[in-house]
Amino acid sequence: MSLISNLKQSTANCIQQLYGIQIAPEQVLVNATKPEIEGDYTIVLFAFVKQLGKSPEVLGNELGNAMLAEMPGTLTNFNIVKGFLNFTISNQFWFDYIKHLSPENLLPKTESPRKIMVEYSSPNTNKPLHLGHLRNNFLGWSIAEILKLQGNEVVKTCIVNDRGIHICKSMIAWQLYANGATPEDTHQKGDHFVGDYYVKFNDAYKAQVAELVAGGMTQELAEKEAPIQKGAQEMLLKWEQGDAATIDLWKRMNTWVYAGFDTTYKKIGSDFAKTYFESNTYLLGKELVDQGLAKKVFYQKEDGSVWIDLTADGLDEKIVRRKDGTSVYITQDIGLAEMKQKEFNTDASIYVVGDEQNYHFKVLKLICQKLQLPASDGIYHLSYGMVELPTGKMKSREGTVVDADDLVDEMINISKEKTESLGKVSEFTPAQLTELYNTIGLGALKFFLLRVDPKKKMIFNPEESIDFHGFTGPFIQYTHARIKSILRKTGTTISLTNSELLPLEKALAIELSNFPAVINEAAETLDPSKVAIYTFNLAKLFNTFYAEHSISNADTEEKKHLRIQLGILTAATLQKGMQALGIAVPEQM
RNA sequence: GGUCCCGUAGUUCAAUGGAUAGAACGGAUGUUUCCUAAACAUUAAAUGCAGGUUCGAUUCCUGCCGGGACCA
C-alpha cells in the first residue's frame, strides 16, 4: 500500500479512536505540502472541523499526536498552519523506499486484471490519415499501454469505414479521370493516390454545380442533379446489389488504400489484434432489433419503423430501424458491439472516437444496457476534441488538412537536423541514426498530442508546435539519455547504506513514489496527459537535482551509491512513463 | 427549438472545492577548466462578465456575453 493510502487509512483510524466517528479513508484529502512550509504531506482538516465541532488547532494537535503514535518510524513530527496539518516523513522511510525500489517493481500489478478492448483509429478508405487520426491513434495506443502496465490484458481493434458514398466518390473520379493509372505507376502511396481522386471528385462536382446554377437551376437542385454526384449514387446502389465490376473496382482501390495505411501504421506504431470492416458489419444488429421488440425495449410506429424512447433517461427518441426495414448507423454499432464481445469475451470496451459522437455513444451504451447485452456496463467512450489549426478547422475540401505522413516526415527531418547540429552521436551507424531520428521526431509529435487533456480540443500550430525544448518529448528523452550516459560511466553495481537525504534527493524519492498512482489515475480517467505531465515533472526535477549535485563526484561513497540508485530509478520511471505514451527513449542522443 | 462541451499570462496548456492559480514557449538577465547546455537559475505577465452556495470557488449553481459540437 502506498504512503498516501496509509496516511488516509491512519487518519480515519485515529478519528475513529479519538471521537468515535466513522470516516471513509477516501474522504481524507492528502496533498503534497507547499514547498515553503515544513513538511512532506498535508491533511486538510476543514472537512472534519465542522463535523467534529473542534477548532482546527485543537483537532490538528489531537489528530497529529495520535497519528505519530499510529505510524511510528514513518512520521517524525507535524505542524498546523490554519486548517492544514503538515506531516514530516522520516528520512529512514524514504531511504528504505528508494533502497527497495527497482526498475522491475516500479508498478504493482493489479490484483484483479481485466480483459479490455480498445477500439481506435477508425479510418475511412477514401483518403489518407490526417492530424486528427494521429491524435486518435496515439490516444488509443497509449491507453492500451497504460492498461497493460496495470496488468490488464488488452485487445486492440479497428473498425474500417470501407463502404458508403464517400468511397464511391473516389471510385467514380478514378473511372473518369485516371485512365487506368495505379499507385505503382505513379509512384504514390496508395491512400494518397485514392485521396487525390476524392479531391478530384469534389472539384468536378463543384464545377458541375456552378455550371447548372449558371444555367438557371437552383443551388439545391443543382447539388442533386450534378452528373458526377448521380454517378456516385448509382455506384453505391450497384455496390449494394453486388454488381461484380463495381465490387472489383472497390476491392482494388481499397487494397491500394490499405497498403498505404499499413506503411503509416508501421511508421507511427499502431497495430490491431483484429480489424473489422463495415462492409461486413453493416447488416449486423437486425436480429437484435427483433429481440428488442420482443423484450419491449423497442416499439413500432404505425408506419412500421422501430424506435426506442430514451426520454426518461434525458435523451430523445431514437430510430433503430427505418420503415423500409433498413438498419441505421446505431443498429450496426449495437450489432458490432455484441459480435466483438462474443468473439473476445472482454470485460470492458473502450472506444476512441471524436467528441462529435458523444451523443451517439451515450445512446449506444444505453441501448446495449437496456437490451442487457453482456459487458454493456463496460462500454466507455474515450472522447477527444478536434485538432484545430490557428486558422480554424481543418477542411479537406479547402486543402487545410495536415497530412499524417507529411507531418511525421517533417518531424523526423527536424530531429535529424537538430541532432546533426549538436553532433553528440558521431559514432552511430547509419541504421542507428535513422532509428534515433525516428524516435525523437515521433516522440516530439506523440508527446505534443498526448500532453493535453483528451477531452479538450487543441490547437496545432505547425510553425510553433514543433519544439524540442521545455514541455516536450525530446526533453524527457534527453533527460533519460543523459542519466544513461552518467550510469555508463559510474557503473550500476552499488550497495546502499543509510544516509541522510538532501532536500532534492528526498524530493526525487517522493516524486518517484507517485508513479503508480499516476498510472492508475490515467487509466481510470482514460487520460494519458496525466502521465505526460508527471513524466515531465520528474525529468525537470532530476535536471534540477543534476545541476545542483554531482553523482560521480559525490562527497562520500555512500552518497554516490544513493545517487546512482536515484538515477537508475528515475531513468526506469521515465522509460515506463514514456512507454505508457507509446514513446521510446534512446540510450544516447 | 432541444441537449452537451469550452472561455485561465502575449501564445499553447495545468490546477480530485483547499494554502501565495502552476508549467512551457516567447520576452529580459545570468550559468560550461567538473558526470550530455536538447540543460539549469533569476525575472515580468492570467481565472470573459454579474450574482449565489461555502470557513474557502478557476472548480459547484443561476443569468449574460463569446466560441464549438450534436439531436430532430
Side-chain angles (χ1 to χ4, degrees), chain A residues 26-37 39 42-47 49-50 55-56 81-84 86 310-311 314-319 354-363 383 385-386 388 390 392-393 414-415 418-419 421-425 440 443-444 447-448 451-453 455-461 463-490 517 521 524-525 529-530 532-534 536-537 539-554 560 563-564 567 586-589:
Chain A
E26 306 83 61
Q27 271 180 274
V28 182
L29 188 60
V30 178
N31 288 335
T33 303
K34 291 242 141 196
E36 313 80 42
I37 293 168
T42 297
I43 291 171
V44 183
L45 296 173
F46 294 108
V49 164
K50 206 174 214 175
S55 76
V81 181
K82 291 188 254 177
F84 300 94
N86 307 309
L310 299 171
T311 48
L315 304 175
D316 297 311
E317 295 188 5
K318 182 88 190 170
I319 191 166
D355 63 4
E356 69 273 13
Q357 296 202 39
N358 282 355
Y359 185 82
H360 176 82
F361 275 96
K362 249 191 224 172
V363 172
S383 164
M386 279 193 187
E388 292 180 7
K393 277 197 201 165
I414 294 171
S415 77
K418 181 80 186 167
T419 305
S421 74
L422 288 170
K424 293 180 183 176
V425 287
I440 297 173
F447 197 89
F448 183 85
R451 68 182 195 180
V452 181
D453 181 346
K455 288 191 288 297
K456 296 196 174 172
K457 68 178 178 194
M458 63 185 298
I459 295 179
F460 184 88
N461 185 334
E463 261 54 317
E464 295 169 14
S465 297
I466 299 168
D467 202 340
F468 290 69
H469 305 272
F471 186 21
T472 67
F475 172 88
I476 294 158
Q477 291 172 322
Y478 167 75
T479 306
H480 176 268
R482 182 154 78 168
I483 297 172
K484 283 306 179 87
S485 164
I486 296 160
L487 294 179
R488 279 193 292 274
K489 289 180 180 153
T490 60
E521 203 192 342
E524 262 163 48
T525 55
S529 74
K530 302 249 165 51
I533 292 166
Y534 169 80
F536 171 64
N537 285 331
K540 208 161 48 129
L541 184 58
F542 187 89
N543 284 331
T544 303
F545 163 78
Y546 172 85
E548 286 292 316
H549 304 295
S550 174
I551 296 172
S552 55
N553 290 322
K560 181 176 170 182
R563 288 176 186 170
I564 290 172
E587 297 289 309
Q588 187 182 344
M589 69 184 270

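Atoms considered below: every heavy atom in the structure, side chains included; atoms not considered: hydrogens, waters and symmetry mates. As the structure is a prediction and not an experimental result, all values here were calculated from the model. Here is how names work: the chains are called A, B, and so on, in the same order as the sequence lines, proteins then strands, and each is numbered from 1.
Between B:C35 and A:R488, no contact under 4.0 Å exists linking OP1 or OP2 to a side-chain N or O. Side-chain N/O atoms of A:S552 include none lying less than 4.0 angstrom from OP1 or OP2 on B:C35. Contact between the side-chain N/O atoms of A:K489 and the OP1/OP2 oxygens of B:U36 is found at a separation under 4.0 Å. Proximity of A:H469 to the phosphate of B:A39: a side-chain N or O atom is located under 4.0 Å from OP1 or OP2. In this model, the phosphate group of B:C55 is approached by a side-chain N or O of A:K50 to a distance below 4.0 Å at OP1 or OP2. Of the side-chain N and O atoms in A:K82, none sit less than 4.0 angstrom from OP1 or OP2 of B:G56. Phosphate proximity of B:A14 to A:K530: absent, as no side-chain N or O sits under 4.0 Å from OP1 or OP2. For B:A37, the OP1/OP2 oxygens have a side-chain nitrogen or oxygen of A:Y546 closer than 4.0 Å.
Remark: A:R482 is positioned above the aromatic ring of A:Y546, its terminal NZ or CZ atom under 6.0 angstrom from the ring centre and at most 45 degrees off the axis.
Using a 4.0 Å heavy-atom distance criterion, A:T472 is classed as making no nucleic acid contact. When heavy atoms are screened at a 4.0 angstrom cut-off, A:N461 is found touching no nucleic acid atom at all. A:H549 comes within 4.0 angstrom of a nucleotide base, judged by non-hydrogen atoms across all strands. Heavy atoms of A:K455 sit nowhere under 4.0 angstrom from any nucleic acid atom. Nucleic acid contact for A:I459: sugar-phosphate only, since backbone atoms but no base atoms lie under 4.0 Å from a heavy atom of the residue. Across all strands shown, A:N358 has no heavy atoms under 4.0 Å from either base or sugar-phosphate atoms. Within 4.0 Å of A:L315, counting heavy atoms only, lies no atom of the nucleic acid at all. A:Y478 comes within 4.0 angstrom of a nucleotide base, judged by non-hydrogen atoms across all strands. In this structure, A:V44 reaches the bases: a heavy-atom distance under 4.0 Å links it to at least one base atom across the strands shown. Contacts of A:L487 with the nucleic acid, taken as non-hydrogen atoms under 4.0 Å apart, are absent. Among the protein residues, A:M589 comes within range of the nucleic acid bases, having at least one heavy atom under 4.0 Å from a base atom. The residue A:F46 sits close to a base: some heavy atom pair falls under 4.0 Å. When heavy atoms are screened at a 4.0 angstrom cut-off, A:S485 is found touching base atoms of the nucleic acid. Within 4.0 Å (heavy atoms only), A:F468 reaches at least one base atom of the nucleic acid.
In plain terms, the two heavy atoms of A:P586 and A:H480 that are nearest each other are O-ND1, 2.9 Å. When all heavy atoms of A:I440 and A:M589 are compared, the closest pair comes out as CD1-CE, 3.9 Å.
Judged by centroid separation below 5.5 Å and plane tilt below 30°, A:F84 does not stack onto the base of B:G18. Residue side chain A:F536 fails the stacking definition with respect to B:A23, as its ring centre and the base's six-membered ring centre are not both under 5.5 angstrom apart and under 30 degrees in plane angle.
Aromatic ring centroids of A:Y478 and A:F475 lie 6.0 Å or more apart.
A distance of about 25 Å separates the P atoms of B:C5 and B:A19, rounded to the whole Å. Straight-line distance between the P atoms of B:C61 and B:C6: roughly 10 Å, to the nearest whole Å. For the C1' atoms, the distance linking B:G56 with B:C60 amounts to 13 Å, nearest Å. Between the P atoms of B:G67 and B:U29, the separation comes to 40 Å (whole Å).
Picking from B:A72, B:G7, B:A19 the nucleotide with the shortest atom distance to the side chain of A:K456 gives B:G7. Of all nucleotides listed (B:C40, B:C13, B:C70), B:C13 comes nearest to the side chain of A:M458. Nearest to the side chain of A:A547, among B:C40, B:C25, B:C35, sits B:C40. Nearest nucleotide to the A:D453 side chain, out of B:U36, B:A72, B:A14: B:A14. Here the side chain of A:V81 is nearest to one of B:A72, B:U36, B:A19, namely B:A19. Ranking B:C71, B:U36, B:C35 by closeness to the A:D316 side chain, first place goes to B:C71.
Between A:T472 atom OG1 and A:Q477 atom CD the span is 8.0 Å, to the nearest 0.5 Å. The line from CD1 of A:I564 to OG1 of A:T490 is 4.0 Å long, rounded to the nearest 0.5 Å.
The aromatic rings of A:F471 and A:F536 are tilted relative to each other, their planes meeting at an angle between 30° and 60°.
Here the side chain of A:D316 pairs no donor or acceptor atom with the backbone of A:K318 at under 3.5 angstrom. The main-chain N or O of A:S415 is found under 3.5 Å from a side-chain atom of A:T419 such that the two form a donor-acceptor pair.
Closest-nucleotide positions on RNA chain B for A:E356 and A:F475 were compared, and the one nearer the 5' end corresponds to A:F475. In terms of position along RNA chain B, the nucleotide closest to A:I37 lies nearer the 5' end than the nucleotide closest to the other residue of the pair A:T479 and A:I37.
When Watson-Crick and G-U wobble pairs are counted only if both distances are under 3.5 Å, B:U59 pairs with no nucleotide at all. Pair assignment for B:A14 gives none, since no Watson-Crick or G-U wobble pairing has each distance under 3.5 Å. In this structure, B:C64 forms a base pair with B:G48, meeting either the Watson-Crick or the G-U wobble geometry with both donor-acceptor distances under 3.5 Å. Across every strand in view, B:C70 sits in a pair with B:G2 that passes the Watson-Crick or G-U test at under 3.5 angstrom. Using the Watson-Crick or G-U wobble rule with both distances under 3.5 Å, B:A37 pairs with nothing in any strand shown. Summarising the base pairing, B:U54 is matched to no nucleotide, lacking a Watson-Crick or G-U wobble pair whose two defining distances lie under 3.5 Å.
Counting distance only, with no hydrogens placed and no angle test, the side-chain atoms of A:T42 and the base atoms of B:A19 include a donor-acceptor pair under 3.5 Å. The base of B:A14 has none of its N or O atoms less than 3.5 Å from a complementary donor or acceptor on the side chain of A:N537.
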